[in-house]
Colleague: 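Below is one structure. I have some questions about it.
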Amino acid sequence: MFLSVFDLFKIGIGPSSSHTMGPMTAARRFLDEVAGDDWPRPAGAKVERIAASLHGSLAYTGIGHGSDRAVVLGLAGETPQTVDPDQADGIVARIVTERRVSPPGHPSYRFDPATDLVLDKKTPLTGHANGMAFYAYDADDRLLLKRIYYSIGGGFVVSDEELQRIKAKGSVTTEGKKVPYPFKNAVEMLAMAGRSGLSIAEMKRVNEETQMSREKLDTGLDAIWSAMKGCIDRGLSQDGIMPGGLKVRRRARRLHDKLQEQWQQNRPNPLLANDWLSIYAMAVNEENAAGGRVVTAPTNGAAGTLPAVLRYWLHFHPEADQPSIRDFLLTAAAVGGIIKTNASISGAEVGCQGEVGSASAMAAAGLCAVMGGTPEQVENAAEIALEHHLGMTCDPVGGLVQVPCIERNALGAVKAVTAASLAIKGDGVHFVPLDAAIETMRQTGLDMNERYKETSLGGLAVNVVEC
């Protein structure tokens with residue numbers, strides 16, 4: 001079983017990995033299928049018009065998450081990794097005016113977002129809460145090709161057929177990749193660590209290096225941290241109101257300036273570390289809410305937790321260095337892969353326990369590892385963090401990744417550091433296994449009412465508006 005660190009940490013744009021990056025990726029993938037030769041079509045038939053429909057959670061919160069905008073960008077040929085956030089609005093405006101998309105390598109297709117992009121709240125697709133359908137028509141509006149995709153969290157996109165195979169196997173791991181340490185759960189991970197004498201990061205590194213050179217792996221890990229750090233720095237430099245209509249003001253820069261002032265005055269602050277953690281996380285998620293460039297960790301909605309803990313490590317621990325950053329990310333990815341394989345990182349599937357809960361567990365594991373924790377202590381840290389997010393709902397106000405998401409990332413970072421600190425002071429022996437916490441999260445997600453799974457139909461999303 002193998003999920004690469006680069007499957008979990010993807011550089012893209014906000015505000016949502018499943019609602020923004022996923023739909024953009026799906027739209028781009030549909031273009032590739034349209035251009036391909038592996039689907040039947042009448043002789044001489046040419047695609048003249050493209051359309052799309054968003055279903056389930058994507059329909060309910062698509063506007064707030066920018067899902068409609070993401071589809072338009074994807075059909076224009078953009079990808080989450082390469083689209084320029086500063087140019088995105090201009091691209092969309094041009095397509096709205098021209099009612100056509102002209103992706104590179106394709107002819108121009110008719111596409112009017114006002115009529116050809118439907119947010120269908122009445123017709124859920126059965127495979128997953130984040131479902132999308134794309135359609136290609138000829139000049140006489142005869143349907144030539146229909147494809148269904150699902151955005152299953154963290155920017156992952158699968159077709160209807162691929163999802164059925166995943167469900168049949170009970171895993172979302174990549175097929176066909178043989179690795180020396182193929183752990184699919186925490187029990188296997190600890191057993192392999194015990195037999196090999198390697199740390200979790202070292203086992204993960206060995207697995208990754210069967211797919212790429214050490215130099216490429218390290219360059220990629222450094223690029224992930226560089227993007228995370230850049231997002232923190234940009235978030236700390238920005239002011240103003242975030243888009244979407246809630247009129248929520250950015251706070252990270254103002255709070256950062258206050259902390260800097262206290263720091264310079266040498267004023268005592270017993271909560272200093274927590275304050276810095278919170279500000280770093282909020283900076284990332286404010287940038288995410290504004291549609292900036294972020295890293296899924298493991299999702300955009302939870303993108304601030306892990307970078308905040310890593311920045312805390314560099315800020316408060318003098319032994320922190322570049323190799324430790326890589327070990328942090330590798331350890332976090334190992335834990336994230338186990339969670340994704342056995343449960344979910346999708347808020348639309350299991351609530352926010354699968355997003356910020358997973359992020360906090362990953363960050364706790366990474367921090368415990370670089371602080372010198374044994375594999376057993378690392379597993380304990382991840383379990384503590386995840387256990388104390390169980391049952392957390394996903395109830396974004398207005399369908400926007402702002403309230404309660406921004407502060408929720410800050411508290412997830414605080415919990416991660418606390419979990420790592422508790423675990424490192426123990427011997428790794430603990431009552432609740434990480435695998436049990438993950439399975440509990442999966443079961444809780446199945447039991448959770450759909451109103452609390454990224455639909456904005458319950459919780460704060462309703463009660464804040466009513467008050």
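Index from 1, following the sequence. Just so it is clear, the values below take in all heavy atoms, side chains as well, and ignore hydrogens, waters and symmetry mates.
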Colleague: Below 4.5 Å, heavy atoms only, C-beta onward: do E454 and S18 meet side chain to side chain?
Modeller: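 They are in side-chain contact.
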
Colleague: Are E439 and R442 ion-paired here, with the side-chain N under 4.0 Å from a carboxylate O?
Modeller: yes

Colleague: At what distance, to the nearest 0.5 angstrom, does CE of M212 lie from CZ of F6?
Modeller: 5.0 Å

Colleague: Restricting to non-hydrogen atoms, name the atom on P80 and the atom on M24 that form the minimum distance, rounded to 0.1 Å.
Modeller: N-SD, 3.4 Å

Colleague: For the CZ atom of R94 and the OG atom of S102, what is their distance to the nearest 0.5 Å?
Modeller: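 Result: 8.0 Å between the selected atoms.
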
Colleague: Could you point out which residue of N300, T20, I13 forms a side-chain contact (heavy atoms from CB on, under 4.5 Å) with V294?
Modeller: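 Testing each of N300, T20, I13 against V294, the sole residue satisfying side-chain contact (heavy atoms from CB on, under 4.5 Å) is N300.
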
Colleague: Using a 4.5 Å cut-off on heavy atoms from C-beta on, say whether the side chain of C231 contacts that of V284.
Modeller: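 V284 vs C231: side chains touch.
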
Colleague: Do the charged groups of K229 and D233 touch, with an N to O distance under 4.0 Å?
Modeller: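 Counted as a salt bridge, because a side-chain N and a carboxylate O are separated by less than 4.0 Å.
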
Colleague: Do the side chain of T393 and the main chain of Y452 share a donor and acceptor less than 3.5 angstrom apart?
Modeller: no

Colleague: Quick one: does F156's side chain get under 4.5 Å of L3's, heavy atoms only?
Modeller: yes

Colleague: When you measure from the side chain of D7 to the backbone N and O of S4, does any donor-acceptor pair fall under 3.5 Å?
Modeller: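 Here the side-chain-to-backbone pair exists.
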
Colleague: In terms of heavy-atom contacts, does CD of Q238 have more than 12 from other residues, nucleotides or ligands at under 6.0 Å?
Modeller: yes

Colleague: Please evaluate residues S151 and M132 with respect to the criterion side chain to side chain contact (heavy atoms under 4.5 Å, CB included), reporting the C-alpha separation (whole Å), side-chain torsions for both, the decisive distance (0.1 Å), and the verdict.
Modeller: CA-CA 8 Å; S151 181; M132 298 161 278; 4.0 Å; yes

Colleague: Applying side chain to side chain contact (heavy atoms under 4.5 Å, CB included), run through L306 and F9 and close with a yes or a no.
Modeller: CA-CA 11 Å; L306 191 145; F9 298 121; 4.0 Å; yes

Colleague: Applying salt bridge (Lys or Arg N to Asp or Glu O under 4.0 Å) to D327 and R205, what does each step give before you reach the verdict?
Modeller: CA-CA 9 Å; D327 286 345; R205 175 175 284 279; 5.1 Å; no

Colleague: Between atom CZ of R250 and atom CD of Q402, what is the distance when rounded to the nearest 0.5 Å?
Modeller: 9.5 Å

Colleague: Between D239 and R249, is a salt bridge (Lys or Arg N to Asp or Glu O under 4.0 Å) present by the stated rule, with each step listed?
Modeller: CA-CA 8 Å; D239 277 322; R249 182 174 294 278; over 6 Å; no

Colleague: Does any pair with a residue in residues 290-300 pass salt bridge (Lys or Arg N to Asp or Glu O under 4.0 Å), and if so which ones, sequence neighbours excluded?
Modeller: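 Passing the test, one end in residues 290-300: no pairs.
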
Colleague: From the options L8, L329, I11, select the one residue that forms a side-chain contact (heavy atoms from CB on, under 4.5 Å) with V295.
Modeller: I11

Colleague: What distance do F183 atom CZ and I200 atom CD1 have between them, rounded to the nearest 0.5 Å?
Modeller: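 The distance works out to 7.0 Å.
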
Colleague: Between N285 and G304 (side chain of the first, backbone of the second, donor and acceptor by atom type, cut-off under 3.5 Å), is there such a pair?
Modeller: yes

Colleague: Output all residues satisfying side chain to side chain contact (heavy atoms under 4.5 Å, CB included) with E161, sequence neighbours left out; order by chain, then residue number.
Modeller: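 Side chain to side chain contact (heavy atoms under 4.5 Å, CB included) list for E161, sorted by chain: S159, R165.
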
Colleague: Heavy-atom distance under 4.5 Å between the side chains of L310 and I325, does that happen here?
Modeller: yes

Colleague: Looking at side-chain heavy atoms only, is the closest gap between T210 and P180 below 4.5 Å?
Modeller: yes

Colleague: Search all heavy atoms of V83 against all heavy atoms of E78 and return the closest pair with its distance.
Modeller: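 Scanning both residues completely, I find the closest heavy atoms to be CA-OE1, 3.6 Å.
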
Colleague: Any donor-acceptor pair under 3.5 Å linking the side chain of T455 with the backbone of E450?
Modeller: yes

Colleague: Which pairs, with at least one residue in residues 117-126 and sequence neighbours excluded, count as a salt bridge (Lys or Arg N to Asp or Glu O under 4.0 Å)?
Modeller: none

Colleague: For the side chain of S67 and the backbone of A59, is there at least one donor-acceptor N/O pair under 3.5 Å apart?
Modeller: no

Colleague: Classify the ring geometry between Y149 and F30 as parallel (under 30°), tilted (30 to 60°) or perpendicular (over 60°).
Modeller: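 Perpendicular, since the angle between the ring planes exceeds 60°.
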
Colleague: Do L125 and I148 come within less than 4.5 Å of each other through their side chains, counting heavy atoms only?
Modeller: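 Side chain of L125 against side chain of I148, heavy atoms only: contact under 4.5 Å found.
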
Colleague: Check whether any side-chain N or O of N409 sits under 3.5 Å from a backbone N or O of G301 as a donor-acceptor pair, and report yes or no.
Modeller: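 Present.
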
Colleague: Tell me the closest heavy-atom pair linking K415 and H389, and the distance in Å.
Modeller: CD-CE1, 3.2 Å

Colleague: Among residues two or more places apart or on two chains, list those pairs meeting salt bridge (Lys or Arg N to Asp or Glu O under 4.0 Å) that have a residue in residues 329-339.
Modeller: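 Of all non-adjacent pairs touching residues 329-339, none passes salt bridge (Lys or Arg N to Asp or Glu O under 4.0 Å).
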
Colleague: Ignoring hydrogens and angles, tell me if any N or O in the side chain of K146 forms a donor-acceptor pair with the backbone of A133 under 3.5 Å.
Modeller: no

Colleague: Shortest non-hydrogen contact from V309 to A416?
Modeller: CG2-CB, 3.9 Å

Colleague: For residues 42-55, tabulate all N or O donor-acceptor pairs below 3.5 Å that involve a side-chain atom, not counting sequence neighbours.
Modeller:
| residue | atom | partner | partner atom | Å |
| --- | --- | --- | --- | --- |
| R49 | NE | D141 | OD1 | 3.0 |
| R49 | NH1 | D116 | OD1 | 2.6 |
| R49 | NH2 | D141 | OD1 | 3.4 |
| S53 | OG | H55 | NE2 | 2.8 |
| S53 | OG | Y135 | OH | 3.1 |
| H55 | ND1 | T123 | O | 2.5 |

Colleague: Would you name the heavy atoms of M362 and P298 that are closest together and state the gap between them?
Modeller: SD-CD, 3.8 Å

Colleague: Does E208 form a side chain to side chain contact (heavy atoms under 4.5 Å, CB included) with V179? I'd like the steps, not just the answer.
Modeller: CA-CA 8 Å; E208 295 286 345; V179 294; over 6 Å; no

Colleague: Does R110 reach the side chain of R99, with side-chain heavy atoms less than 4.5 Å apart?
Modeller: no

Colleague: When rounded to the nearest 0.5 angstrom, what distance separates CZ in R234 from CD1 in I232?
Modeller: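 R234 CZ to I232 CD1: 14.5 Å, rounded to 0.5 Å.
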
Colleague: Would you indicate whether R41, at its atom CZ, is surrounded by more than 12 heavy atoms from other residues, nucleotides or ligands within a distance under 6.0 Å?
Modeller: yes

Colleague: Check for a donor-acceptor pair, side chain of S17 on one end and backbone N or O of T299 on the other, with a separation under 3.5 Å.
Modeller: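 No; zero donor-acceptor contacts below 3.5 Å.
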
Colleague: Would L73 and V92 count as a side chain to side chain contact (heavy atoms under 4.5 Å, CB included) if you check the C-alpha gap in whole Å, the side-chain angles of each, and the deciding distance to 0.1 Å?
Modeller: CA-CA 7 Å; L73 289 168; V92 173; 3.9 Å; yes

Colleague: Counting N and O atoms only, with roles assigned by atom type, does the side chain of S196 sit under 3.5 Å from a partner on the main chain of L198, one being a donor and the other an acceptor?
Modeller: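 Side chain of S196 to backbone of L198, a donor-acceptor pair under 3.5 Å: yes, one is there.
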
Colleague: Look at the side chain of R28 and the backbone N and O of G77, then say whether any donor-acceptor pair between them is shorter than 3.5 Å.
Modeller: yes

Colleague: Heavy atoms only: give me the nearest A413-T305 pair and the separation to one decimal.
Modeller: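 That closest heavy-atom pairing would be N-CG2, 3.6 Å.
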
Colleague: In Å and rounded to the nearest 0.5 Å, what is the NE2 to OG distance from H128 to S344?
Modeller: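 H128 atom NE2 to S344 atom OG measures 5.5 Å (nearest 0.5 Å).
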
Colleague: Find out whether L75 and L31 are in side-chain contact, i.e. whether some heavy atom of one side chain is under 4.5 Å from a heavy atom of the other.
Modeller: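 Of all side-chain heavy-atom pairs linking L31 with L75, at least one is under 4.5 Å.
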
Colleague: What salt bridge (Lys or Arg N to Asp or Glu O under 4.0 Å) pairs are there with at least one residue in residues 147-156, not counting sequence neighbours?
Modeller: E33-R147

